[in-house]
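Some notes on the structure that comes next.
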Amino acid sequence: MKKDLGVFFDNYLNKQPLFLDKKALQSNFTPANITHRDEQIEHLAAVLAPALRMDKPSNIFMYGKTGSGKTCVSKHVTEQILEAAQKKKVNLHIYYLNCKLKKVADTEYRLIAELARNFHIHIPSTGLPTEDVYKRFVEQLDKEEKLVILILDEIDQLVSKTGDGILYNLTRLNGELKKCQLSIIGISNDLMFTDNLDPRIKSSLSEEELVFPPYNALQLQDILRARAEIAFKNNILESGVIEKCAAYAAREHGDARRALELLRVSGELAERKNQDKIKINDIDEAEEKIEKDRVLDIVKTQPKQSQIALYSIMHTCNNGKQIFTGDVYEQYKEVCKIIGYKPLTQRRMGDIIAELDMFGIINARVVSKGRYGRTKEINIAIPSNSLDKINVILKEGLGI
DNA sequence: AGGTATTCACATGAAACTATTCTCTGAGTTAGG
DNA sequence: TAACTCAGAGAATAGTTTCATGTGAATACCTGT
């Protein structure tokens with residue numbers, strides 16, 4: 001049976017959109033002027049400025065929680081300095097790499113390979129010793145006189161995963177380079193990151209440091225207003241909307257990214273409901289939706305074994321009773337038998353449970369029951385109204 | 001009663017293993033001169 | 001003899017397994033009063 005959607009689409013097109021330019025609320029948007037980050041911008045610019053005279057800028061380290069403007073500031077400053085360099089005909093290259101990107105830059109090999117690819121060297125995704133990749137990279141770099149600034153975002157993730165050898169190698173690279181010079185800008189979410197770093201690396205890498213304090217609610221409001229100006233038509237925000245978004249995000253260590261997302265999703269919801277204004281309770285709805293989508297997305301993209309684990313947890317966890325690792329493992333083995341999967345070891349199970357905990361899908365807390373051992377106490381952390389949906393997804397995915 | 005020793009049921013760590021994907025190298029093969 | 005083919009050695013990586021060691025506190029076991 002085919003339903004005539006013509007009317008629906010006509011309605012959609014006739015509708016006045018609330019958005020003028022949705023891009024301004026998306027996370028990769030770099031606004032022309034950044035609010036409340038003047039100090040950091042100036043500092044970063046001052047550190048990088050020597051590049052315009054072909055002097056190597058100091059390495060710099062930037063700390064700050066997520067959504068405190070680190071990436072934004074660095075992009076802003078580097079764009080401008082690139083422009084200036086072009087005018088002055090300075091051979092300056094700037095590369096931005098997010099070390100968290102799976103399959104792109106999350107290991108030493110891939111990081112260097114990705115850099116090398118920026119210089120148009122073909123590096124295969126595997127098969128080469130890492131040393132060779134370095135060699136090829138250095139060769140290419142050193143072909144002409146130039147300055148390279150490397151921005152490594154979320155560098156803490158990379159180091160915690162693969163150790164600090166990469167940083168050592170990178171800082172050492174300057175010694176091997178004859179014509180070319182390399183500066184590193186490290187960006188980290190973890191404020192304690194350099195504490196457990198080799199002191200030599202630490203000193204050479206953080207010649208300069210830049211701290212990004214979290215935004216407070218008022219600053220978030222300013223940011224939101226500036227972006228809303230670009231993103232929305234005039235007068236479609238009910239009063240108090242900005243304030244509430246800011247307040248929500250301020251609660252979460254001043255994460256501007258969250259605030260913007262909240263505003264965007266609120267707008268989308270309002271638009272879908274054919275409202276001509278964004279109302280305050282759209283925000284609550286938006287927050288719920290964001291959380292729900294996040295969880296759903298995680299559940300869907302988990303590997304099968306994790307899904308089985310989660311399914312087992314959900315089915316052991318009936319009627320809110322306390323459950324422990326052992327219970328889950330027993331149930332898990334049952335489920336595996338039913339759907340014909342080879343069960344993993346309990347050791348692995350423990351890790352999977354820890355992963356699910358990290359995602360915030362479950363809460364797992366180590367408790368000691370004295371004589372009766374030590375284990376993890378597990379609770380489901382999903383709001384009950386999306387439990388059913390997740391159950392369906394899991395059953396579908398596992399073919400039960 | 002108060003103190004210490006045990007003991008449980010896993011947690012947590014490190015290293016080794018497996019399977020897959022992909023490269024490089026050099027021996028053997030082929031085809032043209 | 002140069003070009004080609006192809007097997008074998010070796011890397012990177014994700015996901016595990018194996019082995020080893022750690023651990024918080026309820027209980028069992030003393031000990032002296």
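Chain identifiers are assigned alphabetically (A, B, ...) following the order of the sequence lines, protein sequences preceding nucleic acid strands; residue numbering begins at 1 within each chain. What's counted below: heavy atoms across the whole structure, side chains too, no hydrogens, waters or symmetry copies.
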Notebook entry, point to check: What does nucleotides 2-8 of chain B look like as a protein-contact string, B for base, S for sugar-phosphate only, - for none, at under 4.0 angstrom between heavy atoms?
Noted result: -----BB
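- Between A:T375 and B:dA9 there is no side-chain polar atom (N or O) within less than 4.0 angstrom of OP1 or OP2.
- Look at CZ on A:R347: it is 9 Å from P on B:dA11, rounded to the nearest Å.
- Taking atom CG on A:D351 and atom P on B:dA11, their separation rounds to 9 Å, with Å as the unit.
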Item checked: Test log, rule side chain to side chain donor-acceptor pair (under 3.5 Å), inputs A:T71 and A:D153 -> CA-CA 7 Å; A:T71 311; A:D153 204 346; 3.0 Å; yes
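- Rounding to the nearest 0.5 Å places CG of A:L344 at 3.5 Å from OH of A:Y332.
- Between C:dA11 and A:R110, no contact under 4.0 Å exists linking OP1 or OP2 to a side-chain N or O.
- Between A:E252 and A:R257 no salt bridge is recorded (no basic side-chain N to carboxylate O distance below 4.0 Å).
- Between A:R348 and B:dC17, a side-chain N or O to OP1/OP2 separation shorter than 4.0 Å is absent.
- Protein atom NZ of A:K103 is 7 Å distant from nucleotide atom C1' of C:dA14, rounded to whole Å.
- The distance from the CD1 atom of A:I278 to the OG atom of A:S266 is 6.5 Å, given to the nearest 0.5 Å.
- Other members of the hydrophobic cluster containing A:I187, listed by chain and number, are A:I34, A:I41, A:L44, A:V47, A:L48, A:L52, A:M54, A:I60, A:M62, A:V73, A:V77, A:I81, A:L82, A:V90, A:L92, A:I94, A:Y96, A:L147, A:I149, A:I151, A:I185, A:L210, A:F212; membership follows side-chain contacts under 4.5 Å among ILVMFWY residues, whether direct or relayed.
- In this structure, A:E330 places its CD atom 13 Å from C1' of B:dC10, rounding to the nearest Å.
- Under a 4.0 Å N-O distance rule, the pair A:K75/A:E79 does not qualify as a salt bridge.
- Taking side-chain N and O atoms only, A:T130 has no distance below 4.0 Å to OP1 or OP2 of C:dA11.
- Both A:G127 and A:T107 lie near DNA chain C, and the one whose nearest nucleotide falls closer to the 5' end is A:G127.
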